Amino acid sequence: MEANFWHDMWESGVVGFHQSEINEYLKNHWSKLGLQGNENVLVPLCGKTLDMLWLAQQGHSVLGIELSPKALEEFLVENNLQAQAIQQGNHCGYQLPNMMLLCGDFFHLTAEQCRDIHVVYDRAALVALPPQMRQDYVLHLQAILPKKSRYLLVTMEFDQTKMPGPPFSVSEEEVRSLFEPFARVTKVEEVPFSRKGHKALEKVFVIEGE
């Protein structure tokens, strides 16, 4: 799970976790967060997800953080977006109306950069990380985000011995152990599906910081 793994993957063009449409769980459950509609939203390990466009269309300001510059470049080109190149701390990136895309290490994000963030949308970050990094990821979110931040989290559960990650299987028990020390966790949907011929579950959680 070194940085080169992700750079090589994006260079190869084999990015199976990228979805060519807006995520249905996002559209179906975003309202359950009880937001006003103008909040700043963090999308960690954003890749080139179209979900960022949907969030911006709802009135949110979006902060996407991604390790691969190629992913962000493809996001701009494929969606015909004009952006201004920026440098912010340890990150380079792009500024767009209602959206900032930062290129660099998620773990280098600071509380200052996230001082106005109150919502996290995570479809592809937690499941992209091995167990120890998942714990570090949640601890870093807790450290850099304001208290009472809210999350919409999508995970997958499957037999990890039959399908090595990433993406990784993240159990509901693990989600609760990671977030419940500082937040209320509510599962809002569970959907069975087949992944590479094996049974799997997708689960969606609304998480509200306390």
Side-chain angles (χ1 to χ4, degrees), residues 17-19 21-66 75 79 96-102 106 109-129 134-157 167-168 170-193 201-210:
F17 53 81
H18 174 69
Q19 296 183 336
E21 299 179 349
I22 308 299
N23 185 269
E24 288 297 322
Y25 299 133
L26 171 62
K27 292 190 289 186
N28 292 342
H29 297 295
W30 191 248
S31 63
K32 292 182 172 65
L33 293 175
L35 304 174
Q36 295 180 356
N38 60 351
E39 291 85 356
N40 293 354
V41 180
L42 173 65
V43 184
L45 283 63
C46 63
K48 57 177 182 177
T49 178
L50 299 176
D51 297 343
M52 293 189 290
L53 294 178
W54 186 88
L55 289 166
Q57 289 166 359
Q58 309 314 303
H60 298 290
S61 293
V62 176
L63 173 61
I65 174 73
E66 167 58 43
F75 175 76
N79 295 291
L96 299 82
N98 295 330
M99 189 179 300
M100 180 185 295
L101 305 174
L102 295 181
F106 162 81
L109 270 183
T110 66
E112 175 63 22
Q113 288 172 301
C114 298
R115 67 185 185 278
D116 297 323
I117 299 290
H118 290 91
V119 193
V120 178
Y121 169 60
D122 179 349
R123 182 192 71 82
L126 191 66
V127 296
L129 302 173
R134 293 200 287 268
Q135 184 176 39
D136 293 342
Y137 165 79
V138 173
L139 288 173
H140 190 60
L141 283 174
Q142 188 181 7
I144 63 176
L145 295 180
K147 294 186 183 300
K148 298 187 178 181
S149 293
R150 302 177 188 183
Y151 306 73
L152 185 67
L153 171 67
V154 182
T155 64
M156 289 185 286
E157 287 188 40
F168 294 99
V170 181
S171 69
E172 180 175 340
E173 180 182 12
E174 182 178 354
V175 169
R176 294 187 180 279
S177 70
L178 289 171
F179 287 96
E180 283 186 339
F182 64 94
R184 182 168 66 252
V185 177
T186 305
K187 182 175 65 176
V188 293
E189 188 167 0
E190 178 178 314
V191 179
F193 72 105
L201 290 171
E202 278 189 307
K203 295 187 178 183
V204 187
F205 300 91
V206 167
I207 300 171
E208 300 167 280
E210 296 176 337

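Atom set for the values below is all heavy atoms of this structure, side chains included, hydrogens, waters and symmetry mates excluded. The shown structure was predicted, so the numbers you read here are calculated from the model rather than taken from an experiment.
Across all their heavy atoms, G47 and E66 have their closest contact at N-OE1, 2.7 Å. For the residue pair L201 and F193, the shortest heavy atom distance occurs at C-CE2, 3.6 Å. Taking every heavy atom of both residues into account, A183 and G209 meet most closely at CB-CA, 3.8 Å. Heavy atoms only, all atoms of each residue included: Y121 and P44 are closest at O-CD, 3.4 Å. Of all non-hydrogen atoms in I117 and L42, the two that sit nearest each other are CG2-CB, 3.7 Å. Considering all non-hydrogen atoms of both residues, P146 and S149 come closest at O-OG, 2.6 Å.
At a threshold of 4.5 Å between non-hydrogen side-chain atoms, the residues I144 and Q113 do not count as touching. Put simply, the side chain of F75 does not reach to within 4.5 Å of the side chain of C46, judged on heavy atoms. For the pair F182 and V138, the minimum side-chain heavy-atom distance is below 4.5 Å. Annotation: side chain of L101 is in contact with side chain of L96 (closest heavy-atom distance under 4.5 Å). A 4.5 Å side-chain heavy-atom check between L63 and D116 finds every atom pair outside the cut-off. Contact annotation: the side chain of M52 never approaches that of V41 to less than 4.5 Å [non-hydrogen atoms, C-beta and beyond]. Between L53 and V62, every side-chain heavy-atom pair lies at or beyond the 4.5 Å cut-off. Y137 has its side chain within reach of D122: a pair of non-hydrogen atoms, C-beta onward, lies under 4.5 Å apart.
Panel note: side chain R134, backbone L129; a donor-acceptor pair is recorded below 3.5 Å. Judged by distance alone, the side chain of D51 and the main-chain N or O of N23 form a donor-acceptor pair under 3.5 Å. Between the side chain of Q142 and the backbone N or O of H140 there is no donor-acceptor pair closer than 3.5 Å.
Of the residues listed (N40, V120, L145), the one engaging C114 in a side chain to side chain contact (heavy atoms under 4.5 Å, CB included) is L145, and it is the only one. With E189 as reference, H29 is the one residue of H29, K32, K203 to meet the side chain to side chain donor-acceptor pair (under 3.5 Å) rule. Here the options are V154, L45, L153, the test is side chain to side chain contact (heavy atoms under 4.5 Å, CB included), and the partner is L126; only L153 passes.
Atom CG of L178 and atom CD of Q135 lie 7.0 Å apart (nearest 0.5 Å). Between H60 atom NE2 and N38 atom CG the span is 8.0 Å, to the nearest 0.5 Å. To the nearest 0.5 Å, the span separating CG on L152 from CZ on R123 amounts to 11.5 Å. Of the inter-residue distances, the one linking L33 atom CG with I207 atom CD1 reads 9.5 Å to the nearest 0.5 angstrom.
In terms of the salt bridge (Lys or Arg N to Asp or Glu O under 4.0 Å) criterion, residue partners of E210 (sequence neighbours excluded) are, by chain and number, R184. The salt bridge (Lys or Arg N to Asp or Glu O under 4.0 Å) check on R150 picks up nothing, with sequence neighbours excluded.
Classification of R176 and E173 as a salt-bridged pair fails, no side-chain N sitting under 4.0 Å from a carboxylate O.
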- Message: Working note: L102 + L109, criterion side-chain contact (heavy atoms from CB on, under 4.5 Å); need CA distance, chi angles, decisive distance, verdict.
- Response: CA-CA 9 Å; L102 295 181; L109 270 183; 4.0 Å; yes
- Does the side-chain contact (heavy atoms from CB on, under 4.5 Å) test come out yes or no for L35 and Q58, once each step is laid out? CA-CA 11 Å; L35 304 174; Q58 309 314 303; over 6 Å; no
- Task: Applying side-chain contact (heavy atoms from CB on, under 4.5 Å), run through L26 and L55 and close with a yes or a no.
- Result: CA-CA 9 Å; L26 171 62; L55 289 166; 4.1 Å; yes
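Around NZ of K27, the count of heavy atoms belonging to other residues, nucleotides or ligands within 6.0 Å exceeds 12.
When ring centroids are compared, F179 and Y151 come within the 6.0 Å threshold.
W54 and W30 have perpendicular rings, their planes meeting at more than 60° on a 0 to 90° scale where under 30° would count as parallel.
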